[in-house]
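Worksheet: the structure to be examined is printed underneath.
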Amino acid sequence: ARAQAMEIQESPDVTYADIGGLDDEIREVQEAVEDPLTQPERFEKVGVEPPSGVLLHGPPGTGKTMLAKAVANQTDATFIKMAGSELVRKFIGEGSRMVRDLFELAAEREPSIIFIDEIDAVAAKRTDSKTSGDAEVQRTMMQLLSEMDGFEDRGEVRLMAATNRFDMLDRAILRPGRFDRLIEVPEPTREARAEILRIHTQSMNIAADVDFDRLARETEGFNGAQLESLSTEAGMFAIRDDRETVEMADFRDAVEKLETAAEGDSPAYT
Ligand code: ATP
């Protein structure tokens, strides 16, 4: 039962090249997570401790999970993902036990990367709310803190987490020795949107009239996940029309479709 809540992948197939527009963020992740795994002697020689944990924060659908998977790919590490919401359990002690299992499994499978998505679900600031289960969530977080603190010689296990709600986090989780390296992952810029569109249409049969720079200008506010849907939708329009190539008009129709779908409920597609 414990493994069900975790997603375990040996060396996931996402690479840095699959990530559009996050060059600086990729460099930071390489420095903070990849280099300590692949060249630990460089840190030892200089006498500097690599970051204990890396927290990726920013709006949804911008590539945080991709970044974590790409490091695991690059380092041939086991990628172990756990959603923070999965750690919020009804039964006393269940959440803490899952946290223990998570770290235990990571140690067994090293080199490995633990990735806790939606960490805010377990590490939110304590509010005055009397929500039942609050105390239990607090216990789970305590267990997480204690695992991180007791993780002196972490060997080839690296810890990463992500959140869309940085403001909500309990600062205790950001202290030195815990998530002490923060990397902000922003919404894609116009250039990044063009790159993301190119990445997601790589295997598609694209007509000569398709202008990605132009599409990037017309998709302001779209995140990476939405641009991926846009590419798929454009392809669907071509198929519906019984064509073998995807044209600019298909992308425009797809933009319209996604924008219409998004109307009314913002933030869209989250
Ligand atoms: P969330 O906070 O909602 O979990 P996230 O930031 O972790 O989101 P991902 O899961 O990494 O987002 O991205 C979702 C999907 O969107 C990816 O599988 C990918 O197809 C696409 N995507 C998002 N960002 C990018 C990007 N920068 N480059 C290419 N594809 C992207």
Side-chain angles (χ1 to χ4, degrees), residues 5-9 11-30 33 53-74 79-88 113-124 159-169 179 182-204 206 212-213 215-216 219-236 251 254-255 258 261-262 265-270:
M6 301 184 207
E7 176 191 327
I8 304 164
Q9 277 176 274
S11 187
D13 61 6
V14 177
T15 69
Y16 295 131
D18 297 324
I19 304 175
L22 296 176
D23 296 348
D24 291 342
E25 292 75 12
I26 288 173
R27 248 192 311 279
E28 288 183 59
V29 164
Q30 285 178 308
V33 190
V54 173
L55 178 71
L56 307 171
H57 64 101
T62 47
K64 295 184 289 299
T65 307
M66 288 186 95
L67 275 168
K69 283 188 175 171
V71 201
N73 166 292
Q74 191 68 26
F79 178 76
I80 307 172
K81 175 174 150 177
M82 168 75 83
S85 55
E86 290 279 356
L87 292 171
V88 176
I113 290 175
I114 296 176
F115 178 64
I116 306 176
D117 200 8
E118 315 164 39
I119 185 131
D120 45 275
V122 274
L159 186 59
M160 299 181 79
T163 183
N164 306 324
R165 302 173 187 177
F166 183 72
D167 294 348
M168 279 183 45
L169 290 185
F179 289 101
L182 308 178
I183 302 178
E184 187 178 356
V185 182
E187 270 190 350
T189 59
R190 183 169 50 74
E191 288 84 5
R193 290 197 297 276
E195 207 180 314
I196 294 170
L197 282 170
R198 287 196 181 90
I199 289 169
H200 285 290
T201 53
Q202 250 163 16
S203 62
M204 286 167 57
I206 299 295
F212 288 117
D213 294 320
L215 280 168
T219 49
E220 194 169 349
F222 278 56
N223 64 26
Q226 291 163 326
L227 292 166
E228 181 189 17
S229 313
L230 177 71
S231 307
T232 309
E233 284 297 338
M236 298 300 292
F251 282 95
V255 171
L258 291 185
D265 55 0
S266 73
Y269 320 96
T270 56

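Numbering of ligands and ligand atoms starts at 1, following listing order. Keep in mind the model is a prediction, meaning the values are calculated, not measured.
Side-chain N or O atoms of Lys64 include one that pairs as donor or acceptor with a backbone N or O of Pro59 at under 3.5 Å. No donor-acceptor distance shorter than 3.5 angstrom exists from the side chain of Asp117 to the backbone of Lys81, with no hydrogens or angles considered.
Annotation: Gly61 places an N or O atom under 3.5 Å from an N or O atom of ligand 1; distance criterion only. Some N or O of Met66 is nearer than 3.5 Å to an N or O of ligand 1, by distance alone. Between Ile19 and ligand 1, a contact under 3.5 Å exists for no N or O pair.
Heavy-atom minimum distance, Ala194 versus Ala216: N-CB, 3.6 Å. Of all the heavy atoms in Leu22 and Val185, the pair that sits closest is CD1-CG1, 3.8 Å. Closest heavy-atom contact between Glu86 and Ala5: OE1-CB, 3.6 Å.
Interface atoms of ligand 1 facing Pro60, defined by a heavy-atom separation under 4.0 Å, are 2 (O), 3 (O), 8 (O). Every atom of ligand 1 is numbered from 1 in the order shown, and the set under 4.0 Å from a heavy atom of Glu228 is 15 (C), 16 (O), 19 (C), 20 (O), 21 (C). Using a 4.0 Å cut-off to heavy atoms of Thr62, the atoms of ligand 1 that qualify are 5 (P), 6 (O), 12 (O), 23 (C), 24 (N), 27 (N). In the vicinity of His200, heavy-atom distances shorter than 4.0 Å reach the ligand 1 atoms 19 (C), 20 (O), 21 (C), 29 (C), 30 (N), 31 (C).
Within the structure, the closest approach of Ile199 to ligand 1 does not fall below 4.0 Å when heavy atoms are considered. Note on ligand 1: Ala162 sits outside its first shell, no heavy atom being nearer than 4.0 Å. Every heavy atom of Glu118 sits 4.0 Å or more from the atoms of ligand 1. In this structure, Asp18 counts as a contact residue of ligand 1, since one of its heavy atoms falls inside 4.0 Å of the ligand.
Within the 4.5 Å cutoff, no side-chain heavy atoms of Leu227 are placed close to those of Leu215. Using a 4.5 Å cut-off on side-chain heavy atoms (C-beta onward), Asn73 and Thr15 make contact. Counting only heavy atoms from C-beta outward, the side chains of Thr62 and Pro186 never approach each other to under 4.5 Å.
Scanning the protein heavy atoms around atom 22 (N) of ligand 1, the nearest turns out to be Gly224 C, 3.5 Å. The protein atom (non-hydrogen) at minimum distance from atom 28 (N) of ligand 1 is Gly20 N, 2.8 Å. In terms of protein heavy-atom proximity, atom 14 (C) of ligand 1 is nearest to Ala225 CB, 4.1 Å. Nearest protein neighbour of atom 2 (O) of ligand 1, counting heavy atoms only, is Asn164 OD1, 2.9 Å. The protein non-hydrogen atom at the shortest distance from atom 13 (O) of ligand 1 is Gly63 N, 4.1 Å. From the protein, the heavy atom lying nearest to atom 4 (O) of ligand 1 is Asp117 OD2, 3.7 Å.
The neighbour count for Glu184 CD, taken as heavy atoms of other residues, nucleotides or ligands under 6.0 Å away, is above 12. No more than 12 heavy atoms of other residues, nucleotides or ligands sit less than 6.0 Å from atom CE of Met236.
With atom 10 (O) of ligand 1 as the reference point, the heavy atom nearest to it among Thr65, Asn223, Ile26 is part of Thr65.
Phe166 and His57 have parallel rings, their planes meeting at less than 30° on a 0 to 90° scale where 60° marks the start of perpendicular.
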